[in-house]
Structures are given as C-alpha cells and as structure tokens.
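Throughout, protein chains are lettered first and strands after them, A, B, ... in sequence-line order, and every chain is numbered starting at 1.
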Amino acid sequence: MRDLKYTRIKGTLDIADGDLGYWYVVENATKKVASLYGYTEIRTPIIEPTELFVRSVGSDTDIVQKEMYSFEDKGGRKISLRPEGTAPVVRAFIENSMINKGFPQRMFYMGPMFRYERPQKGRQRQFHQLGFELFGSESPLADAEIMAVLVKMLREMGLMKFKLVINSIGCEKCRPNYKRALKEYYSHHLDEVCDDCKRRYNTNILRLLDCKVDVEIAKAAPKSVDYLCDECAEHYQRLKRYLGILGIEYEEDHRLVRGLDYYNRTVFEVRHEGLGGQDAIAGGGRYDGLIEELGGPHIPAVGFAAGIERLILAMKAEGVEVPPAIVHHVYIAHIGDVVEKAFEIAEDLRRKNLTVDMDVMDRKLSAQLKHADRIGALIVVIVGENELKKGVIIVKDMETGEQSEVDEDFAVDFVIDKVREKIQL
RNA sequence: GUGGCCAUAGCUCAACUGGUAGAGCGCCUGACUGUGGAUCAGGUGGUCGCGGGUUCGAAUCCCGCUGGCCACCCCA
C-alpha cells in the first residue's frame, strides 16, 4: 500500500460506490414510513452540552462514563459529540416551546452519532442512527404505533429475518420492589456469578439479567413483569393486545433490560439473526420521565433508534438487492469536430430530466463506448461528423447493441422514448 | 478498557524450514485508421501497514506502534 499521509480516524467509514445504494434504500424507507405515519423530520446539532447526556442517558452508564467525545471549546463550554439521538430531540422540543403545537407530536431523525468504543463489525466510533419519537401519549397505543413504524420500516428495506423482543421494566413505583426481589435472588447466587456480575450487583442490578455467562441463573431470576404495579401491568397487557391487532409478531423476554437510564415500562429491541455479536439492529422504549428530567413539563413519550450500518449489514446478510445509486440514462459519444452539437444535445436531454453523461476526455470512440458500458448507460447517443452532415445522429441501445439513425430534430424525443422502454421515469 | 487472530499491487490472494515479490481481477493501450460487453498481446501498478531489533541477508524470526476482525464489555 502507498504510504498514506492521511487516513480515516479509527472506527470511521467512508461511504461510497456500492454501499450508497443501501444507504439510499434505508433513507428512503425511513422517509416513506415517516410520512405514512405522520412523523416530521427534526435535525439537531451534532454538538450539545455534555451535561445534556449526563442527565438523560445517565451518569453511571458506559456511554457517559467512557464513550463520549467531550471537549471544551474556546469559550470554556463543556461540549460533547452526540452519542445518541433522543436527548437532543427532547432538548430541542423543550427549548423551542414545541409544547405549544399540541399533542401528540411525532418526529424522526437521521444522522451520525459518536461513541468512543473498540470498533468491530457493526460497531464504529462514528455510526449513524435513525430514530422515531412520539411525545405526549401515555397510552399503549403509542407504544404499539412506534413498534409498528419500526417493523414497517424494516420490511420496507426488504428485511425478513428479524424478531421483535419486548419487555416491561415497570415505573418508579414498582421497579424498586422488583430490584429488591432481584437482589434477594442474586444474594443467594453471588458466589456463582461472574466477576462482572458481582460488581454490577451493587451498581446496576438489572444488568445481571442479560449477562452472557450466567445465563441459567438469569433465566431463573424473578421477572419484572411479575412485579408490575396495576397500571404498568395493564399498560403491558394492552400493548400486547394492540400488537396482536396489528399483526406484529413479538417475543417476550424478561431478561431484556436496556442500558440507557431513561426508560420505563415498555422496552423493546429488534435482533437480526445474520449479524453475529452485534445483533441488535434497533432498540427503544418508553421514557415518560425524560422531558421533565431535562427541564420540561411532565410529558410521556416513547421512541426507538436503529443503527443504519447494522441495518445495511442485515440487508446484505439477507441478500437484499438494491438499485444502483445512480442510473445513467444516456451517454453522449462524439467523433470529429462536433463537440458543440454533442454538448447541446446533452443539455437538451437533461432539460427533459434524463441523467446524461458525456465524454470530456477526448477519447476515441471505442474508449467512449467502453466507459458508457462501465457506468451502465442504457442508451448511447453517437454524434458523428459524417452523420451530422446528413442531419442525423446515431442512437444505440446498449443492451441489444441495436442502433438507429435519427433525424437530429427528433433525437431528443426518440431518446426519451427509448429510455422509457427500459425503465419507468 | 481486557483477551485472541490478522496486516503483501486499487481488489482477492501466493512466495518451501529467513536468500532482496508473483498471479488473477481491475485500470490504460493495441489488434478493431468511427462502435462497449468476448478473446489475445503489451503496459501501469508494491520502500511486503509503520518503527526498531536479531542476522552476512528479513515479507518471513523478536519487540513496540497503528489499523482490521473476533470474543468480552457495551449498545444501534
């Protein structure tokens, strides 16, 4: 390899060529489903006050403790590159008094997130998420809708081999009881669990449940759903009923707990079988206390985020085919002293909304055609000095190789018809 | 942050137990003086990730660094 002077920062990716088609499919599916359900886009800054994430995600979480890109700017402000998307959306909601627009409010976002982690497949330091948030409703209808949006979007991307996993972790009222029960249970098994679990026994008891080492002990542990208060239990029951009505398949997993502190009641995750270690392609839940925590009024909310790189990995694992990022409808080749005419025709075709590429390398005809073939041009217009004297140009179908001489005055319309035969415009 | 595996041309890979780099694909040119995708020929292309050490001699052995992958951790 050449001695490269500048290289990508560890854990970052250049997105180009072949992968672009996948990105477009993901982005288009997101926008399509968003509009289907009435979610409008919100674009927040990539930098935010560090404190925003400390307060929302949680000061004890790994994200805040060791994964944030934080720095002080020249004005001495403590700033972080956003590690996730929900907190910024909530911040924007409060700051812009969006409460005055009434409820519910539905928003979505897409963009880069940053976490200082050890990179591996499906995990970068700069990665991209898309997320949906629904503010204002306490009803399980909202939970069901947000999951419906997620599933619809995954299907829209061509994904099939995923499963939705749900759980309820209760609220401030009933979770303490559950935590007590868990502590009681694990206190009898403390000598059997791994070192990490011993440590988390005191710091974050819920996380013992998804330990990959002590699976059997976790499976036999008390379930949060058995400790829900009446309200939480009813919420969870109704959610499951609504999912049934929507025909959304799900699996209950009492060991599903999520790593962000702001969740309550409903938590869910979508796992894909083709991804190996990093198999969570999306995750979310209800966060009824977050808006208040960040200085707004008490407004219930529910949402999810999906990792775009992981979605693309999943699409590739399933063999989902995507259209090319760009379709070159027409390539203009020219021979002899006719560039000006060629230039004119190219522009005329573009005015008709065709994607047109034209030789600007002054290459000979065979090289021009070779290039046209490589970029996948559907039609090649050959502007030749000899033909032009007769007032005609050549239109060549690159698929069949068949070509016809066309009066130059009708050339544009002829080409448009030719392209239409091949693809829908 | 911890542990393991890996790193040769733009890509995929080769080079016996250390003897100073090769193939396929790609790209460019020609056969085809104005017709792509097939074929053939020629050409382009690497201080063997970087730095140091051992050795007469290192792509090959040792150490460090960087980057990738896998597991843990965490999460999307």
Side-chain angles (χ1 to χ4, degrees), chain A residues 1-5 7-13 17-18 26 57-58 60-67 83-86 110-131 150 194-197 199-200 204 207 210-213 256-260 268-272 275-284 303-314 331 333-336 338 359 361 363-388 394-403:
Chain A
M1 200 187 295
R2 276 165 304 146
D3 189 10
L4 297 174
K5 198 165 181 183
T7 58
R8 258 175 277 129
I9 296 294
K10 178 172 177 163
T12 64
L13 250 29
D17 297 331
V26 169
V57 175
D60 290 334
T61 59
D62 277 23
I63 291 179
V64 167
Q65 290 222 312
K66 42 190 192 193
E67 294 177 0
E84 64 107 38
T86 299
M110 286 192 276
M113 306 293 164
F114 304 82
R115 292 182 199 172
Y116 191 85
E117 293 191 275
R118 186 88 170 254
Q120 55 182 273
K121 179 161 279 177
R123 191 167 79 182
Q124 293 85 45
R125 289 186 173 176
Q126 174 174 341
F127 62 106
H128 297 74
Q129 284 188 335
L130 60 92
L150 173 53
C194 67
D195 291 346
D196 280 327
C197 285
R199 181 174 49 80
R200 285 177 297 192
N204 197 345
R207 294 225 67 91
D210 65 355
C211 177
K212 275 136 194 150
V213 184
L256 173 65
V257 292
R258 301 194 47 77
L260 283 66
F268 59 95
E269 199 168 282
V270 172
R271 298 176 191 151
H272 194 274
L275 261 63
Q278 315 300 323
D279 68 342
I281 55 176
F304 74 83
I308 298 182
E309 286 86 351
R310 288 188 190 177
L311 291 171
I312 291 171
L313 250 24
Y331 182 88
H334 51 92
I335 321 145
V338 295
D359 173 70
M361 302 290 286
R363 278 196 282 224
K364 61 181 217 172
L365 184 60
S366 67
Q368 292 186 52
L369 280 165
K370 196 178 168 110
H371 182 74
D373 186 52
R374 185 162 50 230
I375 65 175
L378 303 172
I379 302 291
V380 170
V381 171
I382 302 172
V383 185
E385 205 168 324
N386 300 341
E387 289 78 8
L388 218 51
I394 296 171
V395 175
K396 182 181 175 84
D397 181 326
M398 288 300 274
E399 220 174 341
T400 63
E402 153 195 5
Q403 55 186 52

A:L275 CG to B:C69 C1', in whole Å, measures 15 Å

When you measure from the side chain of A:E309 to the backbone of A:H128, do you find a donor-acceptor pair of N or O atoms at a distance under 3.5 Å?
yes

On RNA chain B, more 5' by nearest nucleotide between A:R310 and A:I9 is A:I9

Whole-Å distance, A:R125 CZ to B:C75 P, equals 17 Å

Against the side chain of A:K370, the closest entry in B:C73, B:U29, B:G37 is B:G37

### Query
So what does A:K396 touch, heavy atoms closer than 4.0 Å: a base, only the sugar-phosphate, or nothing?
base

Could you measure between the two C1' atoms, the one in B:A23 and the one in B:U8, and give it in whole Å? 13 Å

Could you tell me whether A:I394 contacts a base, only the sugar-phosphate backbone, or nothing, with contacts defined as non-hydrogen atoms closer than 4.0 Å? base

Looking for any heavy atom pair under 4.0 Å, which part of the strands does A:G11 touch: base, sugar-phosphate only, or nothing? sugar-phosphate

Margin query: Under a 3.5 Å cutoff, is there a donor and acceptor pairing between the side chains of A:E84 and A:Q129?
Written below: no

May I ask you to say what A:E84 touches in the nucleic acid, namely base, sugar-phosphate or nothing, with a heavy-atom cut-off under 4.0 Å?
nothing

Re B:G22: Watson-Crick or G-U wobble partner, both distances kept under 3.5 Å, found to be B:C13

- Query: For B:C32, does OP1 or OP2 lie under 4.0 Å from any side-chain N or O of A:K364?
  - Reply: no

For A:Q403, answer base if it contacts any base atom (sugar-phosphate contacts may also be present), sugar-phosphate if it contacts only those atoms, and nothing otherwise; contact means non-hydrogen atoms under 4.0 Å. base

Please check the phosphate of B:C28 (OP1 and OP2 only) for any side-chain N or O of A:R374 closer than 4.0 Å. yes

Looking across every strand, which nucleic acid part, if any, lies under 4.0 Å from A:G336 by heavy atom: base, sugar-phosphate, or nothing? nothing

Which of B:G1, B:G68, B:C70 is nearest the side chain of A:K121? It is B:C70

NA contact type, A:G122, heavy-atom cut-off 4.0 Å: base, sugar-phosphate, or nothing? base

(Q) Work out how far the P atom of B:C28 is from that of B:U44, and round it to whole angstrom. (A) 15 Å

With sugar-phosphate meaning primed atoms plus P, OP1 and OP2, does A:I281 contact a base, only sugar-phosphate, or nothing at under 4.0 Å between heavy atoms? sugar-phosphate

Separation of B:C75 atom P from A:Q120 atom CD, nearest Å, is 14 Å

Answer for the Watson-Crick or wobble partner of B:G64, both distances under 3.5 Å, is B:C50

Handout entry: Nearest-angstrom distance, P atom, B:C6 to B:G49
Key = 14 Å

If the cut-off is 4.0 Å, is A:R123 near the phosphate of B:C72, judged by side-chain N/O to OP1 or OP2?
no

Q.
Taking only the P atom of each, what is the distance from B:U2 to B:G64 in whole angstrom?
A. 14 Å

The nucleotide from B:C27, B:C73, B:C75 with an atom nearest the side chain of A:I63 is B:C75

Rounded to whole Å, CG of A:L365 lies from P of B:G37 at a distance of 12 Å

note: A:L378, atom CG; B:G37, atom P; distance rounded to Å ~ 18 Å

**Study point:** Lys NZ or Arg CZ of A:R125 over A:F114 ring: under 6.0 Å, within 45°
**Key:** no

Q) If you measure from the C1' atom in B:A15 to the same atom in B:A41, how many Å do you get, rounded? A) 27 Å

By the Watson-Crick or G-U definition, both distances under 3.5 Å, B:G43 is matched with B:C27

| query | Hey, does A:V270 have a side-chain heavy atom less than 4.5 Å from the side chain of A:F304? | reply | no

note: A:I335, atom CD1; B:G34, atom P; distance rounded to Å ~ 8 Å

Among the nucleotides B:C73, B:C28, B:C75, whichever has the atom closest to the side chain of A:A280 is B:C75

- [ ] Using a 4.0 Å heavy-atom cut-off across all strands, classify A:A372 as base, sugar-phosphate, or nothing.
- [x] nothing

Check: Looking at B:G37, does its base get a donor-acceptor pair with the side chain of A:D373 below 3.5 Å?
Finding: no

Within the 4.0 Å heavy-atom criterion, would you say A:R118 contacts the bases, only the backbone, or no part of the nucleic acid? base

Item to complete: Describe the nucleic acid contact of A:E387 in one word from base, sugar-phosphate, nothing, applying a heavy-atom distance below 4.0 Å.
Response: base

Rounded to whole Å, CD of A:E117 lies from P of B:U2 at a distance of 15 Å

Paired with A:I394, the side-chain contact (heavy atoms from CB on, under 4.5 Å) test is passed by just one of A:V383, A:V381, A:I382, A:I335, namely A:I382

ask   = For atom C1', what is the distance between B:C25 and B:G19, given to the nearest Å?
value = 30 Å

From the list A:L369, A:D359, A:I379, side-chain contact (heavy atoms from CB on, under 4.5 Å) with A:Y331 holds only for A:D359

request  = Give a yes or no answer on whether the side chain of A:Q278 reaches the backbone of A:K121 with a donor-acceptor pair at less than 3.5 Å.
outcome  = no

- [ ] Provide the distance between the two P atoms, one in B:U47 and one in B:U60, to the nearest whole Å.
- [x] 16 Å

Atom C1', compared across B:C27 and B:G45: separation rounded to whole Å:
9 Å

Partner of B:C73 under the Watson-Crick or G-U wobble criteria, both distances under 3.5 Å, comes out as none

RNA chain B nearest-nucleotide lookup for A:E309 and A:T12: closer to the 5′ end is A:T12

Picking from B:C70, B:A31, B:G68, the nucleotide nearest the side-chain atoms of A:K10 would be B:G68

Do A:M361 and A:Q368 come close enough that some side-chain heavy atom pair is under 4.5 Å?
no

* To do: Could you check whether A:L311 gets within reach of a base, just the sugar-phosphate, or nothing at all, counting any heavy atom under 4.0 Å?
  => nothing

**Asked** So what does A:R115 touch, heavy atoms closer than 4.0 Å: a base, only the sugar-phosphate, or nothing?
**Response** base

Atom CD of A:E67 and atom P of B:C72 are separated, to the nearest Å, by 15 Å

To the nearest 0.5 Å, atom CG of A:D62 lies from atom NZ of A:K66 at 4.0 Å

